[in-house]
Amino acid sequence: MAHFPVNHPARPLYRVFAGLVGLYILVFGVFGVVQTWGEPLFARGSHWALGLRTNLAFSLVSVVFGVVLIIGASRRGNLGHVMNLTAGVVFMVTGIAMMSVLQTRANILNFSMSTVIVSLLFGLLLLATGLYDKIGTDEHAARERADRLHPAR
C-alpha cells in the first residue's frame, strides 16, 4: 500500500504551488480562447499564449482544468489531495501522448515541444503536491510518525 504523509508541515506551501499551477493554466486558457475564438476547434494554426502553442480546444480544456485545480487547492479536506494526484497523472499522460504525435495530424491539441515540457513539469509538480497534502486527524498523524520512527520488527 502506498504511504502518503499525513498533515505534512509544508502542506500549505504545496497547496499554494497547486493553486499557482491552476492559476497559470486558467490564465493561459483564457488568453488562448481570446486568441483562437472563431477558428475551428482543433485548428493547427500558429497561435501562442503565454509561451505555449494552443488551439481553441486546448484553451477551453485549460480553462476547465485551471478552475478545477484552483478549487482543489482551496479546499481544506482531502479533495485537493485526490485532485492533485489525478491531475498530475493526467498531465503526465497527456504530455507523453502529445509528444508521441507531435509532428502528425493526430496532434489535435496543437502541442509544441515547449507545451509538452510544461505539461510534464506541471504533472510532476502536481504529483508532488498530491503526495504531501493529505489531511488526517492528529491521532492518525501521530500513529504515522510513530510507525515511521519505530517500525515493527
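Just so it is clear, the model here is predicted, and its values are computed rather than measured.
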Do [X] and [Y] land in one hydrophobic cluster if side-chain heavy atoms of ILVMFWY residues count as linked below 4.5 Å?
{"X": "Leu60", "Y": "Phe28", "answer": "yes"}
{"X": "Leu50", "Y": "Val61", "answer": "yes"}
{"X": "Met92", "Y": "Met83", "answer": "no"}
{"X": "Val90", "Y": "Leu124", "answer": "yes"}
{"X": "Leu26", "Y": "Leu121", "answer": "yes"}

Any side-chain heavy atom of [X] within less than 4.5 Å of one from [Y]?
{"X": "Leu126", "Y": "Thr129", "value": "yes"}
{"X": "Thr115", "Y": "Met99", "value": "no"}
{"X": "Leu56", "Y": "Glu39", "value": "no"}
{"X": "Ile108", "Y": "Leu41", "value": "no"}
{"X": "Leu127", "Y": "Asn84", "value": "no"}

So, Phe42 versus Phe58, ring centres under 6.0 angstrom or not?
no

Determine, step by step, whether Val89 and Leu85 satisfy the side chain to side chain contact (heavy atoms under 4.5 Å, CB included) criterion, reporting the C-alpha distance in whole Å, the side-chain angles of both residues, the deciding distance to 0.1 Å, and the verdict.
CA-CA 6 Å; Val89 170; Leu85 286 176; 5.9 Å; no

List the steps, then state whether side chain to side chain contact (heavy atoms under 4.5 Å, CB included) holds for Arg44 with Asn55.
CA-CA 7 Å; Arg44 299 266 328 262; Asn55 60 13; 5.9 Å; no

Enter the distance from [X]:[atom1] to [Y]:[atom2] here, rounded to the nearest 0.5 Å.
{"X": "Met98", "Y": "Ser112", "atom1": "CE", "atom2": "OG", "result": "12.0 Å"}
{"X": "Leu109", "Y": "Leu52", "atom1": "CG", "atom2": "CG", "result": "12.5 Å"}
{"X": "Arg53", "Y": "Met113", "atom1": "CZ", "atom2": "CE", "result": "12.0 Å"}

Check [X] against [Y] and note the closest heavy-atom contact, atom names and distance.
{"X": "Gly51", "Y": "Ser114", "answer": "O-OG, 3.7 Å"}
{"X": "Gly29", "Y": "Ser62", "answer": "CA-CB, 3.8 Å"}
{"X": "Ala49", "Y": "Phe31", "answer": "CB-CB, 4.0 Å"}

Go through it in stages, so that I can follow the logic: the residues are Val101 and Thr104, the test is side chain to side chain contact (heavy atoms under 4.5 Å, CB included), and I'd like the CA-CA distance, side-chain angles, deciding distance and then a yes or no.
CA-CA 5 Å; Val101 297; Thr104 67; 3.4 Å; yes

Please test Thr54 against Ser59 for side chain to side chain donor-acceptor pair (under 3.5 Å), starting from the C-alpha separation and ending with a verdict.
CA-CA 6 Å; Thr54 188; Ser59 297; 2.8 Å; yes

Sequence-distant partners of Tyr24, ring-ring contact (aromatic ring centres under 6.0 Å, His included), two or more places apart
Phe122

Who passes ring-ring contact (aromatic ring centres under 6.0 Å, His included) against Phe65, sequence neighbours left out?
Phe91

Hey, which of Ile71, Leu69, Ile70, Val64 is the one that makes side-chain contact (heavy atoms from CB on, under 4.5 Å) with Val67?
Ile71

Can you tell which of Val27, Ile25, Val21 makes a side-chain contact (heavy atoms from CB on, under 4.5 Å) with Leu23?
Val27

